[in-house]
Enquirer: 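One structure follows; several queries about it will come next.
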Protein chains: 2
Amino acid sequence: MPDAPQPVAEAPQEGARSRRTYTIGELAKLFEVTPRTIRFYEQEGLLEPERRGQTRIYHDKDRVRLKLTLRGKRLGFSLAEIREVIQLYDHAPDGDERQLRRMLDILADKRAAMQQQLEDIRILQHELDDVESRCQASLQALTRQRAKG
Amino acid sequence: MPDAPQPVAEAPQEGARSRRTYTIGELAKLFEVTPRTIRFYEQEGLLEPERRGQTRIYHDKDRVRLKLTLRGKRLGFSLAEIREVIQLYDHAPDGDERQLRRMLDILADKRAAMQQQLEDIRILQHELDDVESRCQASLQALTRQRAKG
DNA sequence: GGTCTACTTTACGTTAACGTAAACCTGATC
DNA sequence: GATCAGGTTTACGTTAACGTAAAGTAGACC
């Protein structure tokens, strides 16, 4: 499942600019994923943590990226697609005209997909409404029957 | 990707009750999937076509189920989850109280997931807005520069 | 009756997204 | 200085959702 109501894990915002850093374990706990997952996302080019000696140090930028990544996943995007969006996000203002136009094309695609998703959700919600009301009805029927019997 | 703007393939509705049937190939073309995919969905318990001799015959019920399945996939649900919903859909009114209550629980879960998705889409759309405006800005900058040079 | 075309089963291959296990390093603590 | 928690790399394993190829069948047409 698109990972239902995520515990809305979020970092404490000490003032406007929280300059704190995270170990991989901290970040993992914060978003309820495993360290392995975080390393894998790095390997796939979604994160680029600092290195202090051998160990990774994550900054707010990485935390935001990870958040975006998990949001994308909940919507069924692949990691490759999410990386695409992240690169758009980071390199939007530079590049030549052809690149910029290509970006706008990709953006239009993502938008269309999300529009489709909105529509899909709308329809599915109605269908769930339907099932639920039928469920409630038979439940009440059972209850009435028990009251009589 | 959640399969962007699907060509909104849909069957002709000859009157209210279209009693026509479909071969696997027809159904596949209608929704732009392969026959293999349709057989796989059957194997996973999502479809139950009639058999005429060896070959499968699909009715409107199957078409609706397939449509629901693809909608679920666009939202990132797994086939197992979709099967769960389909079974809810088909067996909502029967079963004892415990089963009905369990159904309502599952329904609540799906609802929560979809609420989360709505929120995710809202946020992502804003982020895409941001990227796009930055894109447009640098594009205009390039154009102005060219006009001068 | 041969030849298409579209169906069928069986079975192995593939890709994405991690899980899991082994073997190692490293700073803190008893 | 041993131990331990938490970090690291390397590498193989696993699951979902199909793709693909081989080999057979069954009706339509020339």
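Just so it is clear, the model here is predicted, and its values are computed rather than measured. So you know, we letter chains A, B, ... as the sequences are listed, proteins then strands, and number each from 1. The figures that follow rest on heavy atoms only: side chains count, while hydrogens, waters and symmetry mates do not.
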Enquirer: For the pair A/E81 and A/K73, find out whether any cationic side-chain nitrogen is under 4.0 Å from an anionic carboxylate oxygen.
Expert: no
Enquirer: For the pair made of CD1 in A/I57 and C1' in C/dG27, what is the distance, rounded to whole Å?
Expert: 13 Å
Enquirer: Looking at A/R83 and A/D90, is there a salt bridge between them, counting it only when a charged N and a carboxylate O are closer than 4.0 Å?
Expert: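 No, no charged N to carboxylate O under 4.0 Å.
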Enquirer: Taking only Lys NZ, Arg NE, NH1 and NH2, and the carboxylate oxygens of Asp or Glu, determine whether A/R102 and A/D96 approach each other closer than 4.0 Å.
Expert: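 Looking at A/D96 together with A/R102, the answer is no, because their closest N to O distance does not fall below 4.0 Å.
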Enquirer: Which residue, A/H59, A/R56, A/R63, forms the side chain to side chain donor-acceptor pair (under 3.5 Å) with A/Y22?
Expert: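 Filter result, single survivor: A/R63.
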Enquirer: Please give the angle, rounded to 10 degrees, between the axes at the start and the end of the helix from C/dG1-D/dC30 to C/dC30-D/dG1, where five pairs define each axis.
Expert: 10°
Enquirer: Cation-pi check, A/R134 to B/Y89: give yes when NZ or CZ is under 6.0 Å from the six-membered ring centre and within 45° of the ring axis, no otherwise.
Expert: yes
Enquirer: Report whether B/L75 and B/I123 are members of the same hydrophobic cluster (ILVMFWY, side-chain heavy atoms less than 4.5 Å apart, transitive linking).
Expert: no
Enquirer: Taking the nucleotide of DNA chain C with the closest heavy atom to each, which residue, B/G25 or B/R36, is nearer the 5' end?
Expert: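 Mapping each residue to its closest nucleotide by heavy atoms, the 5'-most match is B/G25.
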Enquirer: Where does the chain A footprint on DNA chain D start and end, counting 5' to 3' with a 4.0 Å heavy-atom cut-off?
Expert: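 That gives a stretch of D/dG7 to D/dT9.
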Enquirer: Between A/Q117 (side chain only) and B/R74 (backbone N and O only), is there a donor and an acceptor less than 3.5 Å apart?
Expert: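 Yes.
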Enquirer: With nearest nucleotide decided by heavy atoms, which residue, B/T55 or B/A80, maps closer to the 5′ end of DNA chain D?
Expert: B/A80
Enquirer: For DNA chain D, which residues in residues 38-53 of chain B have a heavy atom at a distance below 4.0 Å?
Expert: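 When residues 38-53 of chain B is checked for heavy atoms under 4.0 Å from DNA chain D, the hits, listed by number, are B/F40, B/Y41.
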Enquirer: Any salt bridge linking B/E48 with B/K61? Criterion: basic side-chain nitrogen under 4.0 Å from a carboxylate oxygen.
Expert: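 Not counted as a salt bridge, because no side-chain N and carboxylate O are separated by less than 4.0 Å.
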Enquirer: Does B/E97 use its side chain to pair, donor to acceptor, with the backbone of A/L139 at less than 3.5 Å?
Expert: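 Checking the backbone N and O of A/L139 against the side chain of B/E97, no donor-acceptor pair under 3.5 Å is found.
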Enquirer: Hey, does the side chain of B/Q125 reach the backbone of B/R122 with a donor-acceptor pair shorter than 3.5 angstrom?
Expert: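 It does not hold such a pair.
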